[in-house]
Every structure is written in C-alpha cells, then in structure tokens.
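For reference, the structure discussed in these notes is given below.
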Amino acid sequence: MKVLRTVDDLVTWRDGLPVSQRLAFVPTMGFLHEGHLSLMRRGRQLVPHGQGQSVISIFVNPAQFAPGEDLDRYPRDEAGDLAAAERAGVDVAFCPLDPQALYAPDAATWVTVPALDDGILCARSRPTHFRGVCTVVTKLWNLVRPDYGIFGQKDYQQLAIIRRMHRDLFLCGEVVGMPIAREADGVAMSSRNANLSPASRLAARKIPAALDEVERRWRGGETRSDRLTEGVAELVEPGVLDYVEVRDAASLASVERVDGQVVVALAVQFPGARLLDNRVLG
Ligand code: AMP
C-alpha cells in the first residue's frame, strides 16, 4: 500500500494514473473500525484489483471542529489504521502529516449546503460543522477525482448533504451510501466510542434500543412523529438527548406524520463523546 504525505504527492500520483484506472475513495478521520473497513471493502468490490485503485484518506479535518470541541482528544492510531486498511485491500492512503495540509494560510473558500444544514439536526449544536465537512470533501474529491466516493449512513445528515453537494456541483463519479456497522450489542461503531467510560459504553446500548422502540411503534401503526419519539429522552438516560427528530429521508424536511421514507435521527451526549444513530423507516 502506498502512503502519500502531501497534496503534491497526491497530485503527482493522480496525474500519473492511466485513464483506464477506476478509483474508489473513502475519506476518513482515522481510528478505523469495522464501519470504515466495510466502506473500503465495498470500494474494493466496486473497483476490483486490476481495474483500478482503492484509495482512502486519513485526515482529522480541523475545519469541522469548533473551538472547544474534541479536536485535541480525537483518537488516533495511524500505524494500526494503515495495517487495517491494507488488509481491507486499500492501494493508496493519503495521510498528510501537516494538519493544515488542505488549507492554504489564506484559504477563504467554503462550501455550504444551507437547505440541509442551517439549524437542522446536528447543525443546531454544531453550526459550522458541515461547512467544514463539505469543504474538505470537495477538496479531496477534486484531488482524487474518484469514480465512487463511499460514505456511511451512520452520519446520515452528512451523507444527505454530500449527495446534494455532489449533484449540485456536478462533481465527477457517484456517491455510494453504506449501512451502519454495529457492535455485537447494537451500538453503532464510532471512533468516538473509544472516549467513553466503561459505564457510558454500556449505557450507549440504550440508543439502538430507543430506535428499536420507535420502530416498534411505527410497525404498530403509529405515524405521528411526536408520538413515535415520545419518551426517547428518558429511554437514553443517563445519556443526555441532544435531539431526536423524524425527517424526510432525502430532503431532511421536518415531517409531522410518516408518509414515505423517513429517517429517525438522534444525538446523545455522554461524558467524553456525543453519539449519533439513526433508523430509516418506510
Ligand atoms: P469518520 O472517520 O468518522 O469521518 O468516518 C468516515 C466514514 O466512515 C464516513 O463516511 C462515516 O459515515 C463512515 N462511518 C463511520 N462509522 C460508521 C459505521 N458505524 N458504519 C458505517 N459507516 C461508518
């Protein structure tokens, strides 16, 4: 597996590829787990050996963390990540050493998707998060020019925003969404789970259990969003519910009644980590 350390190295590598080579790309912030690796394996399936390259990036993007968020505490294990990526069939890993590698000192351009961002779900408590994500994904997408960019449904709002951005900006290739990989007890895999105390990690099980309860109500015929999500704050205690909302699965518009495909998305704060999960209904 080739490890590229600078944007110049990435450009040189990309420009040297024959046009016949197809590319699958998985951007990550590292501390890889089975969820990330499932995306990489999907990339390898989409672009088999001999037909192209499987590419990842490992870059903890400072622009998507607000002051006071967990940028400094974000878990890292580059050696472990590179070994795991290689086992998942990755050919090329872009892992810049400089945390500002993708930002010129006077970088002044942001990419935003206000219709799916402003005041919606995670953006309410993290108002500058998605412009950081969109900006870095656009930069990486333009550098790699993939045939497939692969993202997890675990970060549902992020995936919806990236799909819209990709369409609106006529970016090359296609966006591929992948299902949430879960631990044996149902907790969605996340690099941030490493920052939970053993007691909080145990309590995190209440998040998928709360989504099970919402789904049970929906299967029982309930369609009102407020009744579907009633009591979820208590179900996830001692975690502190940041939000639970029922939204249109594509537009993220708020819905009062389930009619068509929706996503039930929630965020729960535990000491050390804010955890996301969601369930698509319909
Ligand atoms: P991150 O390193 O957290 O930025 O995540 C990199 C990519 O992996 C994103 O597309 C995430 O949605 C995806 N991802 C993270 N956790 C999971 C999971 N449990 N299941 C599936 N995809 C995931």
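The structure displayed is predicted, hence computed values, not measured ones. As the structure lists them, so they are numbered: ligands from 1, and atoms in each ligand from 1.
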Do [X] and [Y] meet the criterion of a side-chain donor-acceptor pair at a distance under 3.5 Å?
| X | Y | result |
| --- | --- | --- |
| D248 | S251 | yes |
| Q51 | R22 | yes |
| T135 | T138 | no |
| N61 | Y103 | yes |

Could you walk me through whether R192 and D70 pass salt bridge (charged side-chain N to carboxylate O under 4.0 Å, His left out), step by step? CA-CA 9 Å; R192 288 188 168 95; D70 58 353; 2.7 Å; yes
W218: partners by ring pair (Phe, Tyr, Trp, His ring centres under 6.0 Å), with sequence neighbours left out: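 So W218 forms no ring pair (Phe, Tyr, Trp, His ring centres under 6.0 Å) with any residue.
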Report all protein residues having a heavy-atom distance below 4.0 Å to some atom of ligand 1; order the list by chain, then number.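 Residues near ligand 1: P27, T28, M29, H33, G35, H36, L39, Y74, F151, G152, K154, D155, Q158, P179, I180, A181, M189.
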